[in-house]
Amino acid sequence: MKKIVTFGEIMLRVAPEGFLRFAQSFPGKVNVIYAGAEANVALSIAQLGGRAEFVTALPQHAIADQCVATLRGMNVETSDIVRTEKGRLGIFFLETGANQRPSNVVYDRENSSVSMTSASEYDWETIFTDAQWFHVTGITPALSRQAAETTLHAVQEAQKRGITVSSDLNFRKKLWKWEPSLSARDLAKRTMSEILPYVDVLIANESDCADVLGIHADNTNAELGKLDTQRYPDVARKVAAIFPNIRKVAITLRESFSATHNNWGGVLWDAASDQAFFAPTNEAGEYTPYEIRAIVDRVGGGDSFAAGLIYALSSEAYSAPERAIRFAVASSCLAHSIVGDINYSSQSEVETLMNGNASGRVQR
């Protein structure tokens, strides 16, 4: 497998222990890890056995040094990370929800190094040497005008070299603030509409296409977790009608009954065949989502889906659309059982769930 490159921001994730609220935890003990959507994808691909590189900009200090060491220790290539005197390491605070109380994220990311680093400061020629895939999200362009311009330049450079480009829309309404005259949704739509013409594979959750592109699934209220899943192939077709360069659209389908009880699945629409492939399915081929009744940590669930999909489509064994979506959904289902943003599941563990073994019995 050739190199899969991801570009974006990595931060400190600060979270109270277990399901404690901020008010119960500060001051006090917290859990701190490194996390960020594009880094999560690279790290999860590496855990599956793929070759991954993560590109970002980081400040010059010991905490950022340890961040790079952590990435390297998990077999992610880091040689093209830009170290700079500009900016800082971003932070986000996570309060994990339970039952009917939702999780809450507080961002502290202004003036991060990646938001202040221009496209010309990255060595794209070296970054894309021996690369087969390049992945970005809608999160990094939300940080600043500079980050949006750098992301656009990066996907253009990848496309020029014939590298497959994927983008996860990942709408974050708390971040799109760098042009005050526009609402978060309008700024996201304008910015991502400039990036998407250079994208081959689009990834989204059940509400992203509505939030960013104004394309809604009928009979659906994603905010309430009520989905008419059969409407999503039409959403994919409408996206491709606007951006005909997009060859595949993958959408996660999360039905939220509570913070810790979700149904989980996905659909992959393939432009070449104009077919939609759902996963998981029962023996009759009908869509039957995984029922996850005791979510351990859902943050990063979409990133684990993206990682599983990219890994599958990049490998000969899983590249057929129906197998790729099964692999991606099984991989991300397992991620809901793991604390932290990174999916520590192996390829063999994903295959076991893909093949129908969902009992969770102890392996002796």
Side-chain angles (χ1 to χ4, degrees), residues 3-15 31-59 61 63-84 87-94 105 107-109 112-117 122 127 131 133-144 147 150-151 154-155 158 165-170 172 175 203 297-311 314 331-332 335 338-345:
K3 184 170 64 175
I4 296 167
V5 181
T6 73
F7 167 73
E9 183 176 24
I10 189 167
M11 302 162 284
L12 293 178
R13 174 182 126 159
V14 180
N31 295 310
V32 180
I33 61 172
Y34 297 103
E38 303 88 353
N40 298 340
V41 171
L43 286 159
S44 298
I45 288 170
Q47 297 309 294
L48 290 168
R51 181 185 171 197
E53 176 175 3
F54 177 59
V55 178
T56 191
L58 290 171
H61 56 53
I63 300 173
D65 291 345
Q66 183 55 39
C67 178
V68 175
T70 299
L71 290 161
R72 286 178 181 159
M74 295 182 68
N75 297 317
V76 172
E77 298 177 30
T78 61
S79 57
D80 295 304
I81 290 177
V82 173
R83 303 303 296 273
T84 177
R88 54 180 284 255
L89 185 66
I91 305 171
F92 76 96
F93 299 87
L94 171 66
V105 170
Y107 292 118
D108 180 17
R109 304 171 70 164
S112 64
S113 295
V114 76
S115 73
M116 302 175 72
T117 301
Y122 297 92
I127 289 167
W133 197 292
F134 182 55
H135 179 70
V136 296
T137 77
I139 298 177
T140 298
L143 299 176
S144 67
T150 300
T151 304
V155 296
V165 178
S166 60
S167 176
D168 191 329
L169 284 178
N170 266 339
R172 300 289 185 269
L175 293 179
I203 302 167
D297 192 335
R298 63 160 283 181
V299 177
D303 302 330
S304 63
F305 174 85
L309 183 73
I310 293 167
Y311 178 83
S314 301
S331 177
S332 54
I338 298 169
V339 175
D341 285 30
I342 303 162
N343 188 4
Y344 287 88
S345 303

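Below, all heavy atoms of this structure are taken into account, side chains as well, without hydrogens, waters or symmetry copies. Keep in mind that this is a model prediction, so the values were computed, not measured.
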- Item | Glu38 and its side chain to side chain donor-acceptor pair (under 3.5 Å) partner, picked from Thr56, Asn170, Thr6, Thr137 |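 The passing option is Thr137.
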
Determine whether [X] and [Y] make a side-chain contact, defined as any pair of heavy atoms from C-beta on separated by less than 4.5 Å.
{"X": "Arg109", "Y": "Leu175", "value": "yes"}
{"X": "Gln47", "Y": "Val76", "value": "no"}
{"X": "Tyr107", "Y": "Arg172", "value": "yes"}
{"X": "Ser167", "Y": "Val155", "value": "no"}
{"X": "Leu169", "Y": "Ile203", "value": "no"}
{"X": "Val114", "Y": "Leu143", "value": "yes"}
{"X": "Leu89", "Y": "Ser113", "value": "no"}

For [X] against [Y], the heavy-atom pair lying closest together:
{"X": "Val41", "Y": "Ile310", "value": "CG1-CD1, 4.1 Å"}
{"X": "Gly90", "Y": "Ser112", "value": "N-CB, 4.3 Å"}
{"X": "Ser314", "Y": "Trp133", "value": "OG-CE3, 3.4 Å"}
{"X": "Ser115", "Y": "Ser144", "value": "O-OG, 2.7 Å"}
{"X": "Glu77", "Y": "Arg51", "value": "OE2-NE, 2.7 Å"}
{"X": "Pro59", "Y": "Arg83", "value": "O-NH2, 2.8 Å"}

- Thr140 and Glu9: side chain donor to acceptor below 3.5 Å: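 Looking only at side-chain atoms, Glu9 and Thr140 do not form any donor-acceptor pair under 3.5 Å.
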
- Query: Between Thr78 and Arg72, does any side-chain donor sit less than 3.5 Å from a side-chain acceptor?
  - Reply: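 Per modelled atom types, Thr78 and Arg72 side chains form a pair under 3.5 Å.
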
Hey, is the main chain of [Y] close enough, under 3.5 Å, to the side chain of [X] for a donor-acceptor pair?
{"X": "Asn343", "Y": "Ser331", "answer": "yes"}
{"X": "Thr150", "Y": "Thr117", "answer": "yes"}
{"X": "Lys3", "Y": "Ile127", "answer": "yes"}

- Look up atom CD1 in Ile342 and atom OH in Tyr34, then write down how far apart they are to the nearest 0.5 Å.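 Rounded to the nearest 0.5 Å, the CD1-OH separation comes to 11.5 Å.
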
- Query: When rounded to the nearest 0.5 angstrom, what distance separates OG1 in Thr70 from CG in Leu43?
  - Reply: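 The distance works out to 9.0 Å.
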
- Item | Criterion side chain to side chain contact (heavy atoms under 4.5 Å, CB included) on Arg13 and Val32, from CA distance to verdict | CA-CA 6 Å; Arg13 174 182 126 159; Val32 180; over 6 Å; no

Identify all side-chain donor-acceptor contacts of residues 298-307 below 3.5 Å with residues at least two apart in sequence or on another chain.
from: Asp303; atom 1: OD2; to: Asn40; atom 2: ND2; distance (Å): 2.8
from: Ser304; atom 1: OG; to: Gly301; atom 2: O; distance (Å): 2.6

- Item | With Asn31 via side chain to side chain donor-acceptor pair (under 3.5 Å) - residues at least two apart |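 For Asn31 there are no side chain to side chain donor-acceptor pair (under 3.5 Å) partners, ignoring immediate neighbours.
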
- Task: Run the numbers on Val14 and Ile91 for side chain to side chain contact (heavy atoms under 4.5 Å, CB included), then give the verdict.
- Result: CA-CA 7 Å; Val14 180; Ile91 305 171; 3.9 Å; yes

- Message: Determine whether Phe7 and Tyr122 satisfy the following criterion, ring pair (Phe, Tyr, Trp, His ring centres under 6.0 Å), listing intermediate values before the conclusion.
- Response: CA-CA 11 Å; Phe7 167 73; Tyr122 297 92; 5.4 Å; yes

- Query: Which residues pass the ring pair (Phe, Tyr, Trp, His ring centres under 6.0 Å) test with Phe92, sequence neighbours left out?
  - Reply: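 Here no residue qualifies.
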
- Might you work through the side chain to side chain contact (heavy atoms under 4.5 Å, CB included) test for Glu53 and Asp80, ending with a clear yes or no? CA-CA 8 Å; Glu53 176 175 3; Asp80 295 304; 2.5 Å; yes

